[in-house]
Protein chains: 2
Amino acid sequence: MSTAHGARARARIEVTAAIKDEARKQLAAEGAAKLSLRAVARELGMVSSALYRYFPSRDDLLTALIIDAYDSVGEAAEAARDTADAAGPVQRWIAVCEAVREWAFAHPHEYALIYGSPVPGYIAPDTTVPPASRVGLVLIGIVRDALRGPGLTMPPLPAELRPEAERMAADIAPDLPPAVATALVAAWAQMFGLIGFELFGQFHRVVEDRGTFFRHGAGRLAAGVGLR
Amino acid sequence: MSTAHGARARARIEVTAAIKDEARKQLAAEGAAKLSLRAVARELGMVSSALYRYFPSRDDLLTALIIDAYDSVGEAAEAARDTADAAGPVQRWIAVCEAVREWAFAHPHEYALIYGSPVPGYIAPDTTVPPASRVGLVLIGIVRDALRGPGLTMPPLPAELRPEAERMAADIAPDLPPAVATALVAAWAQMFGLIGFELFGQFHRVVEDRGTFFRHGAGRLAAGVGLR
DNA sequence: ACTAAAAAGAGAGCACTGCTCTTGCTTTGG
DNA sequence: CCAAAGCAAGAGCAGTGCTCTCTTTTTAGT
């Protein structure tokens, strides 16, 4: 077991969690750029150098927060999918999109951390890949179900894109037609375009009734993938 | 004239430009977070406090760079529109999208500055609004031209979105049908979703032939607005 | 059960940051 | 011609990430 190694290992887990919690608090309050190791340590009543026993650098702390954020938004998407279980594919798609949007507005700085500009010089380790895929996998699942249920309207696929479309489909969802997989990836990115523009203020003085606007946009994305 | 105020005013303009140039250099090299007033001053052979005569704070320098970046990408979009003058609306739309994408990859840190996460605590002054509108205005212009030329396929507009759609159209392009204006705003945000995801590494191990993928995506956005 | 090794905390220190304040010098305009 | 405004320089403050050394505590092997 992981608790087999006595009191020290247990303490380590607790301290690590406390550091992440405090860091998340500061992240939510001030954003990633103002997240300070020294401030975290100060708040926890420890000296700054002691913190380096748990996270070798500020970037490592950020990486931990990034993974947690991906898991958090992924969980929100999965929960929305499960709640809208009985509804049709389009309704479930929209429900998931709205859940992601709501998560983004509840955790703006964490959203910025994972979907905004990457911290300069920072390179995400491969550890972040699986958590980062969760939202995409939810969307893939909805389309997959639709394929076995009411079917899909096949999106267009020009000849020049066919090789890449087949490669992508084989990579991310071998049971989906290449045209659908391609449209899905595009819709996935476009959804975050809508959310990001709204969250980062680009809709200022442009869109007012943003909830309705987004709901309609999400529906059109679903149509673009072929859901009906 | 602006040169009426003698040598001192001229020097001020030159020094201001030199500061912005050096700042842009550092921005391109290391990103906004590592842009340091002291380093800029050092490189220019002046002491850091002297720089505050030109920009009252780091944020003010960033604001100047943001405005320049918006103007730069706007200019790129306008140039692409003018070059593709003879082509049809869809071709011109795609040309503009590709120009924006190319600008983004030529100036990744400037792109992150204006379309990525806003600097925490930073609030964009209204001075940035007109430059920020230029890309959108180019897209509006293409759709407007299409309306007077080959016509448009009207995008769907649900009843619940009609009031907001009419508000938006009146605000940004009174000569466009509300359904078109709404689809246009969405397509505008979605295009930056595609570009941002590619630029910020979300397509890592997902999309390989990204140029072809984007070209097709831009075309589908055009279709979503009703261009044909 | 004892001891060598590993882990953890504390503190000082380095090089850097944004920003302020004071002190002189130079250009400008009445 | 001379006061006023503009500008540069330097010192200094409070903060940052990170490293190094020193001491104490806990673990693990014989």
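Below, chain A is the first sequence line, B the second, and so on; all start at residue 1. Quantities reported herein were computed from a predicted structural model and do not represent experimental measurements.
Among the protein residues, B:Leu61 comes within range of no part of the nucleic acid, since none of its heavy atoms lies under 4.0 Å from any strand. Note on A:Ser36: only backbone sugar-phosphate atoms sit closer than 4.0 angstrom, heavy atoms only; bases stay farther off. B:Ser57 comes within 4.0 angstrom of the backbone, heavy atoms only, and of no base.
A:Leu37 has its CG atom 11 Å from the P atom of D:dT19, to the nearest Å. Taking atom CG on B:Leu51 and atom C1' on D:dC7, their separation rounds to 12 Å, with Å as the unit. Put simply, CZ on A:Phe55 is 16 Å from C1' on D:dC18, counting in whole angstrom units. For the pair B:Leu44 CG and D:dA9 P, the interatomic distance rounds to 11 Å; values are reported in whole Å. As a whole-Å value, the separation of A:Ile13 CD1 from C:dA7 P is 15 Å. Computed from coordinates, the A:Gln26 CD to D:dG15 C1' distance equals 13 Å when rounded to whole Å. Whole-Å rounding puts the A:Leu35 CG to D:dT16 P distance at 11 Å. Atom CE in B:Met46 sits roughly 12 Å away from atom P in D:dG10 (whole-Å rounding).
Under the 4.0 Å criterion applied to side-chain N and carboxylate O atoms, B:Asp145 and B:Arg92 are assigned as salt-bridge partners. Between A:Arg101 and A:Glu198 there is a salt bridge, since a side-chain N of the basic residue sits under 4.0 Å from a carboxylate O of the acidic one.
One donor-acceptor pair, N or O on each side, does fall under 3.5 Å between the base of D:dG17 and the side chain of A:Arg38. Evaluation of atom-type donor-acceptor distances gives no pair under 3.5 Å for the side chain of B:Arg12 against the base of D:dG6. For C:dA7, the base has no donor-acceptor partner in the side chain of A:Arg53 [N/O atoms by modelled type, under 3.5 angstrom].
B:Glu164 contributes a side-chain N or O that, together with a main-chain N or O of A:Glu208, makes up a donor-acceptor pair within less than 3.5 Å. Judged purely by atom type and a 3.5 angstrom limit, A:Ser48 has no side-chain atom pairing as donor or acceptor with the backbone of A:Ala41. The main-chain N or O of A:Ile114 is found under 3.5 Å from a side-chain atom of B:Gln202 such that the two form a donor-acceptor pair.
Inspection of the A:Asp209 and A:Thr212 side chains reveals an N or O donor paired with an N or O acceptor under 3.5 Å.
Checked against the 6.0 Å centroid threshold, A:Phe213 and A:Phe203 count as a close aromatic pair. With ring centers used as reference points, A:Tyr111 lies 6.0 Å or more from A:Phe105.
With C:dG11, C:dT17, C:dG9 as the choices, the nucleotide that has an atom nearest any side-chain atom of A:Ser49 turns out to be C:dG11. The side chain of B:Arg42 lies closest to C:dT17 when the candidates are C:dT17, C:dG11, D:dG10.
The side chain of B:Arg8 places no N or O atom within less than 4.0 Å of a non-bridging phosphate oxygen (OP1 or OP2) of D:dG6. Taking only side-chain nitrogens and oxygens, A:Tyr52 never comes nearer than 4.0 Å to OP1 or OP2 of C:dG9.
Residues of residues 16-23 of chain B having a heavy atom closer than 4.0 Å to DNA chain C: none are found.
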